[in-house]
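One structure is given here, and the rest of the page talks about it.
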2 protein chains.
Amino acid sequence: MVTGVRISARYRHTLAPDPAKAKKGRDSNPRTDVNLRKKPAAALQTKAASAEPKRKKSTINDIARMANVSKKTVSRVINDSPFVKEETRLKISTIIRELGFAPDPQARGLAFRRSFLIGMIFDNPTAQYIVNMQQGILDAMRGTSFELVIRPCDRTAPTFLADMRHFIERQKLFGVILTPSVSEDDRLVKLLHELDCPYVRIAAVSLDTPATMVVTHDVSGAADAARHLADLGHKLIAHISGPATFRSAHERRRGFADGLAERGLKLARHYDREGGYTFESGIAAGTELLSLKPRPTAIFTGNDEMAAGVYKAARDLGLEIPRDVSVVGFDDSPVASRMWPLLTSVRLPIRDMGRMAAEKLFHRRTEKRAQNDDATDVIPTLVVRESTDKPPVT
Amino acid sequence: MVTGVRISARYRHTLAPDPAKAKKGRDSNPRTDVNLRKKPAAALQTKAASAEPKRKKSTINDIARMANVSKKTVSRVINDSPFVKEETRLKISTIIRELGFAPDPQARGLAFRRSFLIGMIFDNPTAQYIVNMQQGILDAMRGTSFELVIRPCDRTAPTFLADMRHFIERQKLFGVILTPSVSEDDRLVKLLHELDCPYVRIAAVSLDTPATMVVTHDVSGAADAARHLADLGHKLIAHISGPATFRSAHERRRGFADGLAERGLKLARHYDREGGYTFESGIAAGTELLSLKPRPTAIFTGNDEMAAGVYKAARDLGLEIPRDVSVVGFDDSPVASRMWPLLTSVRLPIRDMGRMAAEKLFHRRTEKRAQNDDATDVIPTLVVRESTDKPPVT
DNA sequence: CTGAAAGCGCTTACAG
DNA sequence: CTGAAAGCGCTTACAG
């Protein structure tokens, strides 16, 4: 298939090593393979080029020459400058299209003093959340010249801020998108301002100027869950929240309590436990709650993982869902529809949220421009499945 | 907190628009905000700089001046060239460390004609797989000057190859990591050779020169599953495979059949169905298999998602797991330990695989160098839980 | 509306 | 072992 020449070139490539390790300094230097490319065309032709005429990628200079203009004018067209005669623009953009020319992002970035990379910074451990969010951001980036660089983090780590500074400064990120709970970290946001790096935060409550926020109204979704349970006739209703370090945990509790209040019910202190958004914490809190007298007939958990834990706790105690106890989760993750019985849960359109966050960052100057200065609001919806029913008759 | 000056600068930033849309050409040009930065320091000082002395980032020139050498020599140190006197190196690297200097990846990339971006190209729909893989790759990248750019794809799309070419060529990727099933696509690999882009493929079988492969021996894991079921006493054993377009589907079937053969059993034709690696296909194939006479007493599925489908099928048919039928999955995804009963499954160390793939790509020139020319082998392990037991007595 | 010059921060190619 | 010059492919700052 592929010729020997090329393959060996590939494998001879040497890693340009980490500058951080410069002290060690052994090893060869990276000029190894590049010569090959510069050899007179004949060298390649011999074995390889028969396959495809390895056309060298064209540059802004080629376009300029072909269009009989300066490269600055080509640059203007690339950057949508209004100061180009329509005729000139047309001529240039035609050539650009025909050649399939695309400007080099590195060169552009170097001159712009800003890269074409969008960073996604996250610390949410739920795989599905992360992947959906990535997909949404990529949806918005499709057809642009941006690429998505991902960055998990641990905001409790001592080097957290230093790492972030390094990352953002060095890559000269065009902008970053922050998801919960790192989106709630004001130290990071302060750093972002200092580094002059645009950002959009996704959070359960507005924490910043509207133009930088995608707000998921967890309050509203949790209230729906509360009304649903109340309307089924439940009175003894418990809650397992996420950890206090997550704003969403508070918002969901608040919304749930509000929803109950609307129906004349209240969230009793001893029916309200703090979990950790994990399966295990759901088992623990679920076991405690279900051992109480009187036993709650319904439990709302801050996410689906903990709901799965409650399922396990119930089974271990010989209780059946929803006959003995109803359960409502939050997230509507894939597990929700793999569990048995299928879990009633509050759904957030994660992928859409990612897309909206990226669009905000790009600050598209279209008719939607005005809207971009407002916060973007996301309303969760309750998905009723099999895990909720009337309370047991006693 | 943050000063008005900076904030407004941030929001005034204009998106450098997509060159692809250059034809449209309306709108303003992006020189808007840059002036602000160039304003005499006083402008910033007025309100802001009191916080921290906004030190301009140092460049290779600063280092050179301070060390009394040419910038070429600094460059040599950065790139670990052996042609630097130890004393010179020491002096330079000390200064580098003290200033916290890190070379600009864009400038370096432009000169190198290759970026410092690693691409992860994937089409696997399982969120947990993707996230674990990303984590592993990032594990290997920590402390290097590389960043991870992600790229989901659909290799059945008509523009697939063109998109990939565009992506790789334009970003001048340092290298890419391919996960199943796109890792099995020879057209893509051919393109990678043509573009002279290093890669590592993760797949269930060696498809390429060893130095480019991380091979997961799915055969071995599936054989373990077969032996486990045979040793429990099962004779009527069924299989639901992944789609024929995935190599892993064939490997898992083959391994399973091999394992059965070792125990004097064989995988009967009518007990062998093709699924689609999805929950729904697991339900469909599971329902069919469990309606057969004689009914199989055990089912091995090509992944956990389909096992979850079999769970549902069994419940709908009034069958109990593992009393009436044993089930073994593959992947050991989080659902496996959220399901009830807990699913016996074959585990692949995805995160480690990601790390190993990235390390191969970096081709670390350490003592491990020799090993890097061999394929990297990954052996799955069977995790026995609650979904497998002796067959029902009839 | 357009262009010539200088520069972004690095590395290559060449010379010593 | 070290350096001066040229260049990577773009954009900015300035001039017209």
CD1/B/Ile63 to CD1/B/Ile78 distance, rounded to the nearest 0.5 angstrom? 7.5 Å

Starting from C1' on D/dT2, measure out to CD1 on B/Ile60 and report it in whole angstrom. 14 Å

Should [X] be listed as having a side-chain N or O under 4.0 Å from OP1 or OP2 of [N]?
| X | N | answer |
| --- | --- | --- |
| A/Thr59 | D/dG9 | no |
| A/Ser75 | D/dC10 | no |
| A/Asn61 | D/dG9 | no |

Heavy-atom nearest nucleotide on DNA chain D taken for A/Asp104 and for B/Val69; more 5' hit belongs to B/Val69

Would you kindly compare B/Lys85 and B/Leu110 by the position of their nearest DNA chain D nucleotide and give the one closer to the 5′ end? B/Lys85

Pull out every stem in DNA chain D, meaning runs of 3 or more consecutive Watson-Crick or G-U wobble pairs with both distances under 3.5 Å. C:1-3 with D:14-16, C:5-12 with D:5-12, C:14-16 with D:1-3

Are there any protein N/O atoms within less than 3.5 Å of an N/O atom in nucleotides 14-16 of chain C, and if so, which ones and at what distance?
none

Looking at every non-hydrogen atom in both residues, tell me the closest pair between B/Asn61 and B/Lys71 and how far apart they are. OD1-CD, 3.3 Å

Report the nucleotide, chosen from D/dT2, C/dA6, C/dC10, that has the shortest atom-to-atom distance to any side-chain atom of B/Thr88. D/dT2

According to the interplanar angle, ranging from 0 to 90°, do the rings of B/Phe362 and B/Phe174 count as parallel (below 30°), tilted (30 to 60°) or perpendicular (above 60°)? perpendicular

Looking at residues at least two apart in the chain, or sitting in another chain, which of them share a side-chain contact (heavy atoms from CB on, under 4.5 Å) with B/Thr88? B/Val69, B/Thr73, B/Val84, B/Lys85, B/Ile92

Can you find a pair of side-chain heavy atoms, one from B/Phe122 and one from B/Ile177, that are under 4.5 Å apart? no

